[in-house]
> 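Take a look at the following structure, please.
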2 protein chains.
Amino acid sequence: MSARDRGRPKTSSLAALEDAAHELFLEQGYEGTSVDDIARRAGISRATFFNYFSSKSDVLWVDVDHALAGLEHYLQHSGHLGDALRAVAVEHPRDRIPLIVTQSEAMGLGADLAASAGIRLERLRGILAGSRVEASDVWIVLGALVGVLHQWATHQAPRVELGDALDEGLGRIRTVVGSRSVATLF
Amino acid sequence: MSARDRGRPKTSSLAALEDAAHELFLEQGYEGTSVDDIARRAGISRATFFNYFSSKSDVLWVDVDHALAGLEHYLQHSGHLGDALRAVAVEHPRDRIPLIVTQSEAMGLGADLAASAGIRLERLRGILAGSRVEASDVWIVLGALVGVLHQWATHQAPRVELGDALDEGLGRIRTVVGSRSVATLF
DNA sequence: TGACTTTATGTACTCAGTCCAATAAATAAC
DNA sequence: GTTATTTATTGGACTGAGTACATAAAGTCA
């Protein structure tokens, strides 16, 4: 797009901050790690941290937020939910497993995890509600979808490609949730 | 039980703080209301507020938390999930509709609502996982259940008794989620 | 009256998140 | 080269949630 290389270049990156934070979370626990700690280890200032992330817990959700943004972007053009889901899933590297799933106890994640997860659930719920999902079906479809993703992250990745897991999962949902509208969604 | 009327009696109550907070949330918005404001209106000190609620957002979830506690308590004795759900639902007055559902925009609820909702979702998820729900079915059952409750709160209450809505909803889930274990759950 | 129990309160503290003004580092135009 | 413009970094002051704790207040019981 626009935004060529004008202005002062960035000193750090999402990935660098992610790495620094994850190290510290594993060493000291999530609660025991302050934003100052993360910034210090990444070699930036505290103020700059909030230039990359708008909250401490956002560091845990880089991949998921990226996927959600992709989903929203996709749906602005082609309207089909199933297509958008598949497109985003295919783009997702099979070895990128949200460490929220794999190492939540190791990081001492607790209420903060559930709370920040709530933000993402609400975002996905909004996406579903904005699609052709019937209002009364939104929650069960949301649950079904998250179930498929969670199953992939915990038991299938990185063996199985996310796109394949999703395909199979959506098929199962289609037959299981026999509701009127759901059949044409995916 | 125990705990007769010993010690200094409480000055306030959950309900009183709830009322004060709701007034302020409607007047000034959720974000625009500090814990100090709530305490002042209720005639207690800020420190005492945290004696009744462990966080500001907990004020929004009194009914839900009460129901969740009842559910957990019920399941410690009789193990049947459906029985426990029905028992808690029947106890719930039909005119007590969580105002999170009805007045969330009026209060300017945003990320805080989603985040605190996440805590309750995780709690309910834990309850389901602790029941006989198969691990791979937990999320879809959770979604189905929340969908039924949300539908009741938004479109049926207070016309319909929560217990009845739940019965009908669970029946629908049973036929719709034809999965192996789910049939015997409710 | 005095021991005991529970609640209320003030105070000091940590930390997340916001705001903003000042500075630094790059490019583009002249 | 010098200057204007753009974008990023930084320090510092600030708000407000939540914690910790020591102390006072208000009741019951012996």
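All chains are named by letter (A, B, ...) in the order of the sequence lines, taking the proteins before the strands, and each is independently numbered beginning at 1.
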> Could you tell me the separation between the CZ atom of F53(B) and the P atom of dG18(D), rounded to a whole number of Å?
12 Å
> With a non-hydrogen cut-off below 4.0 angstrom, is S12(B) in contact with a base, only sugar-phosphate, or nothing?
sugar-phosphate
> dT9(D), OP1 or OP2 - any side-chain N/O from T11(A) closer than 4.0 Å?
yes
> Is the distance from OP1 or OP2 of dA8(C) to the nearest side-chain N or O of Y52(B) less than 4.0 Å?
yes
> For H150(A) and W139(B), take the angle between the two ring planes, folded into 0 to 90°, and tell me which bin it lands in: parallel under 30, tilted 30 to 60, perpendicular over 60.
tilted
> Could you state the CG-P distance from D112(A) to dG18(D), rounded to the nearest angstrom?
11 Å
> Between R94(A) and D164(A), is there a salt bridge with N-O shorter than 4.0 Å?
no
> Does F50(A) have K56(A) sitting over its ring (NZ/CZ under 6.0 Å from centre, angle to axis within 45°)?
no
> Starting at CZ of R40(A) and ending at C1' of dT10(D), how long is that distance when rounded to a whole Å?
15 Å
> What I'd like to find out is whether the side chain of V146(A) reaches to under 4.5 Å of the side chain of I140(B), using heavy atoms alone.
no
> I need the CG-P distance between D58(A) and dT18(C), as an integer number of Å.
10 Å
> Using the closest heavy atom to pick a nucleotide of DNA chain D for each, name whichever of S57(B) or P9(B) lands nearer the 5' end.
S57(B)
> Does the salt bridge (charged side-chain N to carboxylate O under 4.0 Å, His left out) test come out yes or no for R41(A) and E27(A), once each step is laid out?
CA-CA 13 Å; R41(A) 172 149 321 185; E27(A) 289 171 20; 2.9 Å; yes
> Please evaluate residues R96(A) and E18(A) with respect to the criterion salt bridge (charged side-chain N to carboxylate O under 4.0 Å, His left out), reporting the C-alpha separation (whole Å), side-chain torsions for both, the decisive distance (0.1 Å), and the verdict.
CA-CA 13 Å; R96(A) 293 281 302 185; E18(A) 223 184 335; 3.6 Å; yes
> Picking from dA26(C), dT7(C), dA26(D), which would you name as closest to the side chain of N51(B)?
dT7(C)
> Considering only side-chain heavy atoms of R8(A), which listed nucleotide, dA25(C), dA8(C), dA17(D), is closest?
dA25(C)
> Does T48(B) reach the side chain of S12(B), with side-chain heavy atoms less than 4.5 Å apart?
no
> Of all the choices, dT28(D), dT7(C), dG18(D), which nucleotide is nearest to the side chain of R6(B) once you look at every atom?
dT28(D)
> Using a heavy-atom cut-off of 4.0 Å across all strands, would you classify F49(A) as base, sugar-phosphate, or nothing?
nothing
> Write down the distance between NZ (K10(B)) and C1' (dT5(C)), rounded to a whole number of angstrom.
13 Å
> Starting at atom CZ of F50(B), determine the distance to atom P of dT11(C), rounded to an integer number of angstrom.
17 Å
> Using the 3.5 Å cut-off, write out each protein N or O paired with an N or O of nucleotides 11-16 of chain D and the distance between them.
none

